[in-house]
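For reference, the structure discussed in these notes is given below.
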Amino acid sequence: MKRHLSLLLLVLIVCLGASAQVKKTNLKVLYVGGHSDKETFGGGAYDTLANEKSIIERTAAWEKYLKDYFTTVKTVKENDYNYKMSFDYDVTIIDGNPKPIEPRRNITVNGRFAKIIYGRYFPDDFDRPVITIAETGETVGRHLGTKNDWYCLCLDAHAYGMKKEHPIFKGPYKVKITMTNRPTPEGAKEYAPLIGQTLPEKTSMWRVQKKGYMTERNFKVGMVVRPWGYEDSPEAEWISGGESAKSYDAMAIGRHANWFHWGFAASPADMTDEAKPVFANAVVYISKFAGQHIIARKLNEGIATRTRATEMKYRVSRGVYDNYVESTEQYNAQIKSMADSLKKKEAGGEALTDLDKQYLMMAEHPQPTPTYEQFIQQQAGPLFAKFGTDVAAYEKYFKENTPYFYGTIDGYDFLLDEDAKSLGVANNDKRLLDLAISLWEKGEDVEKARRLLYRYTLLRYDNPKEWRAWYKKYEKLLFFSESGGWLWLVNSQDPKTPGNDYSVLKYDEADIVAMTQVKEATSTDNPVQLAAAIESEGEEKTLVVKMKIHPGYHIYAVVSDKDPYIENTYDISFKGNGKLVGDLQKPTGRMLNTSGTVVYENEVVLKQKFTAKGYGSISFTINFQACDNHACLQPMSKTIETVY
């Protein structure tokens with residue numbers, strides 16, 4: 001009897017164990033590894049051996065996890081991956097930096113930066129399902145024009161605003177979502193007034209990772225994507241937001257065609273038990289998009305959308321100014337309080353850190369409060385000359401003209417389309433195309449018709465008959481994409497569909513050089529300019545570097561360990577016998593937030609003393625990350641060389 005009971009118990013245990021196991025999905029999954037659980041982006045100092053060990057452990061964690069859910073799993077190192085390998089698998093997961101087909105290049109004109117040509121990792125017609133982890137979506141997808149761009153490398157451990165009806169939360173693996181009220185991110189609350197939003201103090205969130213960079217120093221940071229215009233094409237879907245330093249709707253999880261963005265950075269070893277089946281469902285979900293490719297290509301990550309007009313309308317309001325004044329006063333009071341504590345610390349014989357010294361300097365030079373007129377002038381730009389501080393005039397201007405704003409593939413600002421306005425039809429209304437074709441057919445205002453059709457499509461027909469035939473055939477499939485270039489495109493996965501070929505807008509290097517006029521002025525894609533001079537008293541000299549930062553942008557003088565931004569670093573070298581004397585003299589900055597991060601804005605002067613005999617040259621390089629209220633650009637370097 002005991003023997004029978006033992007056998008029965010054994011069978012029961014086996015059955016329970018079997019039922020606890022996940023039923024594997026018949027998919028072939030390729031994992032491309034190379035990242036560790038340590039944040040190494042930006043070139044900061046880190047333990048190389050520890051990082052290499054972490055890469056091995058992270059890859060092993062992914063392999064084990066994926067084998068629990070899928071029948072065939074293969075892992076490869078980033079340097080061993082080629083896009084052709086993806087054709088042998090149902091889904092490719094990219095968690096490293098593969099070798100590009102064509103490397104990233106900076107084009108310069110007369111020795112000055114003109115344009116970035118992003119690295120190319122995949123052909124334009126690549127149609128295999130891919131999931132990218134954290135910032136890899138930006139790395140491998142930028143040249144293709146995926147909307148999974150770099151908004152901010154600042155995503156922590158929680159998701160919110162999830163579309164729970166989405167398939168990744170439904171199956172095939174059972175999902176449980178536990179929501180907890182947490183403080184609404186400060187960045188979201190700061191941005192909200194600029195678009196007329198009011199956010200609650202608490203937001204219901206779902207924990208995706210056991211760890212995050214906010215609670216564990218140097219833990220890998222996730223990436224959120226710009227939300228503006230993300231869903232203005234039929235092959236893109238916003239799925240979830242996430243806890244970050246940017247806008248409330250910054251996207252943490254989403255899909256653009258065959259590219260799935262999983263912005264959270266943790267490996268399965270640090271995913272919550274609730275998140276693991278969701279990711280597995282995401283693998284199953286994206287596998288269904290085999291054979292599809294991007295239609296609306298976002299070739300300019302910062303391209304303006306109509307949201308910018310909404311933002312500008314609120315930027316000039318009295319309420320935004322009052323909030324700015326209040327925050328400035330709070331920052332100054334906070335700095336003074338910190339400085340008072342630091343002075344007591346120093347008087348007690350304790351050594352001050354470089355950050356402590358920065359706070360003391362900032363207390364001596366508090367942040368000035370601009371007048372309302374000064375504030376509006378900075379926010380309104382060229383429109384200030386027209387409307388001054390007349391808030392009602394700004395509101396009227398944007399209300400009347402927003403339907404006719406448009407952006408360009410190479411610009412970050414929007415323009416007013418006087419052609420569309422003269423016809424009284426918004427550019428995102430397909431009747432505009434029909435009307436332009438009709439004008440051409442009648443021989444009325446042909447040049448205006450041509451401008452409109454060329455401006456808002458990728459076609460270059462030279463007669464109205466071809467335009468009419470195209471419009472008649474594809475009218476019901478047409479959609480308008482602002483993020484895709486302010487263009488009317490055709491909802492078709494046929495690569496030969498006329499109207500979807502972006503090569504019309506792509507320039508080769510010679511074209512870019514010919515078109516580019518490199519100016520001393522800053523711009524949104526070239527936010528920092530340097531000028532240098534030498535003050536000399538015999539062998540004792542001082543390098544003076546004036547740094548001009550584009551209006552609305554800032555760079556990071558000091559980054560708190562609570563923030564994910566990249567702090568400025570400086571490199572100085574000589575051609576000749578120069579020798580540095582003392583440290584680089586840096587000015588005070590402005591407190592960015594309550595965590596203690598300090599930024600530089602507008603104009604900054606840096607000084608470095610050195611000694612030198614005879615003639616030579618000194619080279620100054622700043623490595624920085626520039627951000628505005630919208631987004632952070634990728635880290636850059638600027639170098640200037642001057643003779644002595």
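Please read these numbers as outputs of a predicted model, since none were measured by experiment.
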Q: Check for a donor-acceptor pair, side chain of D149 on one end and backbone N or O of R226 on the other, with a separation under 3.5 Å.
A: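 A pair under 3.5 Å: yes.
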Q: For the pair R128 (side chain) and V91 (backbone), establish whether a donor and an acceptor sit closer than 3.5 Å, ignoring hydrogens and angles.
A: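 Side chain of R128 to backbone of V91, a donor-acceptor pair under 3.5 Å: no, none is there.
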As an exercise, state the distance from [atom1] of [X] to [atom2] of [Y], rounded to the nearest 0.5 Å.
X    : Y    : atom1 : atom2 : answer
D80  : K99  : CG    : NZ    : 7.5 Å
T48  : K53  : OG1   : NZ    : 15.0 Å
L489 : T497 : CG    : OG1   : 11.0 Å
L487 : E482 : CG    : CD    : 11.0 Å
Y556 : I566 : OH    : CD1   : 9.5 Å
L505 : N300 : CG    : CG    : 11.5 Å

Quiz question: by atom type and distance under 3.5 Å, do the side chains of [X] and [Y] form a donor-acceptor pair?
X    : Y    : value
T146 : N148 : no
T59  : K77  : no
N623 : D571 : yes
D501 : S503 : yes

Q) F414 ring centre to R306 NZ or CZ under 6.0 Å, with the angle to the axis within 45°? A)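 No; the conditions do not both hold, so R306 does not lie above the ring face of F414.
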Q.
Could you report the tightest heavy-atom contact between W486 and A304, atom names first, then the distance?
A.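 What the structure gives for the nearest pair is NE1-O, 2.8 Å.
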Q. Can you name the residues that form a ring pair (Phe, Tyr, Trp, His ring centres under 6.0 Å) with F260, not counting sequence neighbours?
A.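 Once residues adjacent in sequence are excluded, F260 has no partner under the ring pair (Phe, Tyr, Trp, His ring centres under 6.0 Å) criterion.
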Q. Does R58 have any side-chain hydrogen bond (donor to acceptor under 3.5 Å, both in side chains) partners at least two apart in sequence or in another chain, and if so, which?
A.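 Testing R58 for side-chain hydrogen bond (donor to acceptor under 3.5 Å, both in side chains), a comparison that skips the adjacent residues, returns D37, D95.
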Q. E102: what forms a side-chain hydrogen bond (donor to acceptor under 3.5 Å, both in side chains) with it, not counting sequence neighbours?
A.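 For E102 the side-chain hydrogen bond (donor to acceptor under 3.5 Å, both in side chains) partners, ignoring immediate neighbours, are R120.
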Q: Take K28 and D88, measure what salt bridge (Lys or Arg N to Asp or Glu O under 4.0 Å) needs, and give me the verdict at the end.
A: CA-CA 8 Å; K28 297 172 67 177; D88 294 326; over 6 Å; no
Q: List for me each residue that meets side chain to side chain contact (heavy atoms under 4.5 Å, CB included) alongside D156, sequence neighbours excluded, and say none if there are none.
A: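 Only Y213, M214, E243 meet the side chain to side chain contact (heavy atoms under 4.5 Å, CB included) criterion with D156.
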**Q.** Under the side chain to side chain contact (heavy atoms under 4.5 Å, CB included) test, residues paired with R217 that sit two or more places apart
**A.**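 Checked R217 against side chain to side chain contact (heavy atoms under 4.5 Å, CB included); matches are D561.
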Q: Just grab all the ring pair (Phe, Tyr, Trp, His ring centres under 6.0 Å) pairs involving residues 284-309, residues at least two apart or on different chains.
A: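 Checked against ring pair (Phe, Tyr, Trp, His ring centres under 6.0 Å) - neighbours excluded - the pairs reaching residues 284-309 are H166-Y285, Y285-F289.
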Q.
So that I know where these two stand, are Y31 and W62 an aromatic pair - ring centroids less than 6.0 Å apart?
A.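 Yes, the ring centres sit under 6.0 Å apart.
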Q. Are Y230 and W238 an aromatic pair by the rule of ring centers under 6.0 Å?
A.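 Between W238 and Y230, which both carry aromatic rings, the centre distance is not below 6.0 Å.
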With a 4.0 Å cut-off, would you call [X] and [Y] a salt bridge?
X    : Y    : answer
K607 : D583 : no
R255 : E237 : yes
K220 : E135 : yes

Q) Do K74 and E63 pass the salt bridge (Lys or Arg N to Asp or Glu O under 4.0 Å) test, and can you show the C-alpha distance, the side-chain angles, and the key distance before you say yes or no? A) CA-CA 8 Å; K74 171 74 174 177; E63 182 175 24; over 6 Å; no
Q | Ring geometry between F126 and W259 (parallel below 30°, tilted from 30 to 60°, perpendicular above 60°) | A |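 Aromatic pair W259/F126 classed tilted.
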Q: Decide yes or no for F279 and I133: does some side-chain heavy atom of the first lie under 4.5 Å from some side-chain heavy atom of the second?
A: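 SC-SC contact between F279 and I133 confirmed.
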Q: Start with the C-alpha gap between S86 and Y81, add the side-chain angles, then the distance that decides, and say whether side-chain hydrogen bond (donor to acceptor under 3.5 Å, both in side chains) holds.
A: CA-CA 9 Å; S86 292; Y81 173 73; 2.5 Å; yes
